[in-house]
Protein chains: 2
Amino acid sequence: MKISTRARYGARLMFELALSYGDRGISLREIANNEGISEKYLSQIIIPLKAKGLIISFRGPCGGYALARDPSEINLREIVEILEGGLSILDCLNNSSLCKRSMKCPTRGVWDLLNNKIIQTLEAVTLRDLVEEFLNKSGDNLTYSI
Amino acid sequence: MKISTRARYGARLMFELALSYGDRGISLREIANNEGISEKYLSQIIIPLKAKGLIISFRGPCGGYALARDPSEINLREIVEILEGGLSILDCLNNSSLCKRSMKCPTRGVWDLLNNKIIQTLEAVTLRDLVEEFLNKSGDNLTYSI
DNA sequence: ACTAAAACCATTAAATAAGTAGTATTTACA
DNA sequence: TGTAAATACTACTTATTTAATGGTTTTAGT
C-alpha cells in the first residue's frame with residue numbers, strides 16, 4: 001500500500017506546472033531545480049502524462065511544458081492513475097476472470113470498497129486545490145475538508 | 001498502490017478463523033485447503049498475526065489456531081497493518097525528518113488525507129462483517145454501507 | 001550555425017515480493 | 001511410551017518491480 005516515487009514526483013511535477021500556469025511554459029530543468037528531483041528521472045515520468053494529454057510541450061530553446069487544461073480541471077486521480085498504471089489495488093477487482101474464486105470470495109467486497117474510497121478521495125483534489133493550499137499556508141498545517 | 005498478497009491471504013486466513021470461531025480451532029491445513037492457498041506460505045503469514053495477539057494456537061495433534069478475540073472486535077485495519085508492516089502510504093507522513101521539504105511540500109496534504117481515508121475505511125470493517133456478508137450472499141453482490 | 005530544450009532508446013543496481021525447503025519441537029492418543 | 005499430527009523456526013531462492021542513469025537524436029529560436 002505504498003504510493004510510488006513515480007506518482008509522488010509526478011504530482012509535484014504537475015504542481016509546478018500548475019503554479020506556472022498562464023506563463024509561457026516552464027522547462028524540466030527549472031522544475032527539477034525547484035523540486036530537487038533528478039531532471040532525467042522527471043523526463044521519464046513526464047512521458048505518459050504528455051501521452052495522456054495532460055501536458056503540452058514546446059521544443060527547442062525557450063521550450064518547455066505547460067498544462068493542457070486549467071489546474072481546476074485536473075485532479076490527482078488522473079495523475080496517480082497514469083503513473084501507477086491504473087488505480088486498482090487488486091487486479092481481480094477489474095478482471096474477475098483472473099480468479100475463479102471471485103464470485104464467492106469473502107474479502108473481495110472490502111478491497112472493492114477500499115478501492116472506491118481511494119479513487120473518490122484522489123478525484124476530489126485538483127491541482128488548483130494544491131496551489132491554493134500552497135499559497136495560503138505559511139507554516140500552518142494543511143487542511144482539506146472532504 | 002497495490003495491496004500485497006500477504007495482506008490478502010492474511011485477510012482470508014483471518015476470515016476462516018472467524019468462520020470457525022467458537023469451535024475448537026482449525027488447522028492450517030484445513031484453512032489452506034478451504035482457501036486454495038499454500039499451507040507453507042500461510043504458516044509464514046500467520047506468525048506476525050499471532051505475535052501481535054490476534055490469534056492463539058494449540059500445538060500437537062488436533063492442534064490448530066483460533067481467534068484471540070471475538071470477530072466483531074477485530075477489524076481489517078489491524079490485519080493489513082500487521083501484514084504490510086504499517087499502514088503509511090508514505091514514510092515521510094509519520095516521520096517528517098525523512099524529508100527536509102516536508103513542511104513546505106505542496107503534495108504532503110493530499111497523501112495525508114488519502115492515508116487517513118484508507119485507515120478509516122479498513123477500520124470500519126470487522127471480521128464479523130465479512131462473515132455476515134459471506135453467509136447472506138448467494139450470488140448477489142456485496143454491499144457495505146459506510 | 002549555434003545552442004537549449006524536448007524526445008527517444010537502452011541499461012542497470014537494489015529492493016521487495018512471493019514462495020519453497022527442511023528441521024525441530026510439542027503433544028494427543030493408542 | 002512410541003508415533004504421528006500439528007505448530008514453530010531458520011534459511012534460501014527466484015522473479016519482478018522500482019528508481020534511477022547515460023547517451024543520442026531531433027526540434028526550433030536567436
Side-chain angles (χ1 to χ4, degrees), chain A residues 1-13 16-17 20 23-33 35-52 54-68 80 83-86 88-91 99, chain B residues 1-13 16-17 20 23-33 35-52 54-66 68 80 82-86 88-91 99:
Chain A
M1 291 295 292
K2 285 274 185 282
I3 181 132
S4 70
T5 303
R6 271 174 73 84
R8 288 187 291 111
Y9 284 4
R12 286 162 65 188
L13 166 62
E16 287 285 332
L17 292 176
S20 73
D23 304 357
R24 57 152 183 55
I26 180 174
S27 73
L28 260 196
R29 162 116 0 130
E30 290 174 274
I31 294 176
N33 287 340
E35 291 289 335
I37 301 174
S38 146
E39 185 186 341
K40 264 305 192 188
Y41 196 21
L42 281 183
S43 78
Q44 296 301 317
I45 290 171
I46 212 168
I47 293 172
L49 293 170
K50 191 185 171 222
K52 292 284 183 177
L54 270 63
I55 289 175
I56 54 174
S57 67
F58 311 97
R59 302 179 69 160
C62 293
Y65 297 93
L67 292 184
V80 175
L83 294 174
E84 301 262 328
S88 183
I89 60 168
L90 196 50
D91 290 334
C99 174
Chain B
M1 290 294 292
K2 286 273 186 282
I3 181 131
S4 70
T5 304
R6 272 174 72 84
R8 289 187 291 110
Y9 284 4
R12 286 162 66 188
L13 167 61
E16 287 286 332
L17 292 176
S20 74
D23 305 357
R24 57 151 184 53
I26 180 173
S27 74
L28 260 195
R29 164 118 355 130
E30 290 175 274
I31 294 176
N33 288 341
E35 292 288 335
I37 301 175
S38 147
E39 186 186 340
K40 262 311 192 185
Y41 197 19
L42 281 183
S43 78
Q44 297 302 316
I45 290 171
I46 211 168
I47 292 172
L49 293 170
K50 192 185 170 224
K52 292 283 184 179
L54 270 61
I55 290 176
I56 54 175
S57 68
F58 311 97
R59 302 181 71 161
C62 294
Y65 297 93
V80 175
I82 289 169
L83 294 173
E84 300 262 329
S88 183
I89 60 169
L90 196 49
D91 290 334
C99 173

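Just so we're on the same page: letters track the sequence lines, and every chain starts at 1. Because the structure is a prediction, the values reported are computed rather than measured.
The residue K2(B) sits apart from the nucleic acid: no heavy atom pair falls under 4.0 Å.
Here the side chain of S27(A) is nearest to one of dT20(C), dA5(D), dA6(C), namely dA6(C). Looking at the side chain of S57(A), the nearest of the listed nucleotides dA28(C), dA6(C), dT23(C) is dA6(C). Considering only the side chain of L28(A), dA6(C) comes nearest among dA6(C), dC9(D), dT27(C). The side chain of R59(A) lies closest to dA28(D), out of dT7(D), dA21(C), dA28(D). When distances are taken from the side chain of Y41(A) to each of dT7(D), dA11(D), dA19(D), the shortest belongs to dA19(D). Considering only the side chain of T5(A), dA19(D) comes nearest among dT3(C), dG22(C), dA19(D). Closest approach to the S38(A) side chain among dA5(C), dG22(C), dT21(D) is made by dT21(D) (side chain taken as heavy atoms from C-beta onward).
Using a 4.0 Å cut-off, some side-chain N or O of Y9(A) falls inside it from OP1 or OP2 of dA20(D). An OP1 or OP2 oxygen of dA8(D) is reached within less than 4.0 angstrom by a side-chain nitrogen or oxygen of K50(B).
Side-chain contact between I31(B) and R12(B) is absent, with no heavy atoms from C-beta onward closer than 4.5 Å.
The distance between atom CD1 of I45(A) and atom C1' of dA20(D), rounded to the nearest whole Å, is 10 Å. A straight line from CD1 of I26(A) to C1' of dA6(C) spans 15 Å, rounded to a whole angstrom. Across the protein-nucleic acid pair, E39(B) atom CD and dG22(C) atom P stand 15 Å apart, rounded to whole Å. Atom CZ in R29(A) sits roughly 15 Å away from atom P in dT3(C) (whole-Å rounding). One atom, CD1 of I47(A), and another, P of dA10(C), lie 13 Å apart when rounded to the nearest Å. Taking atom CD1 of residue I37(A) and atom C1' of nucleotide dA20(D), one finds them 13 Å apart after rounding to whole Å. Regarding E84(B), its CD atom lies at a distance of 8 Å from the P atom of dA17(C), rounded to whole Å. When rounded to the nearest whole Å, the span between OH of Y65(A) and P of dA6(C) equals 5 Å.
Counting only distance, with no hydrogens or angles, the side chain of K2(A) and the backbone of S88(B) share a donor-acceptor pair below 3.5 Å. In this structure a side-chain-to-backbone donor-acceptor pair under 3.5 Å is present from S38(A) to Y41(A). Counting only distance, with no hydrogens or angles, the side chain of E84(A) and the backbone of M1(B) share a donor-acceptor pair below 3.5 Å.
Residues I3(B) and G60(A) both approach DNA chain C. Their nearest nucleotides, taken by heavy-atom distance, put G60(A) toward the 5′ side. Checking S43(A) against S4(A), the closest nucleotide of DNA chain D that is more toward the 5' end is the one next to S4(A).
Note: I47(A) CD1 to S57(A) OG = 11.0 Å, rounded to the nearest 0.5 Å. Here the straight-line distance linking atom NZ of K50(B) with atom OH of Y65(B) works out to 7.0 Å at 0.5 Å rounding.
Between the side chain of Q44(B) and the base of dT10(D), at least one donor-acceptor pair of N or O atoms lies under 3.5 Å.
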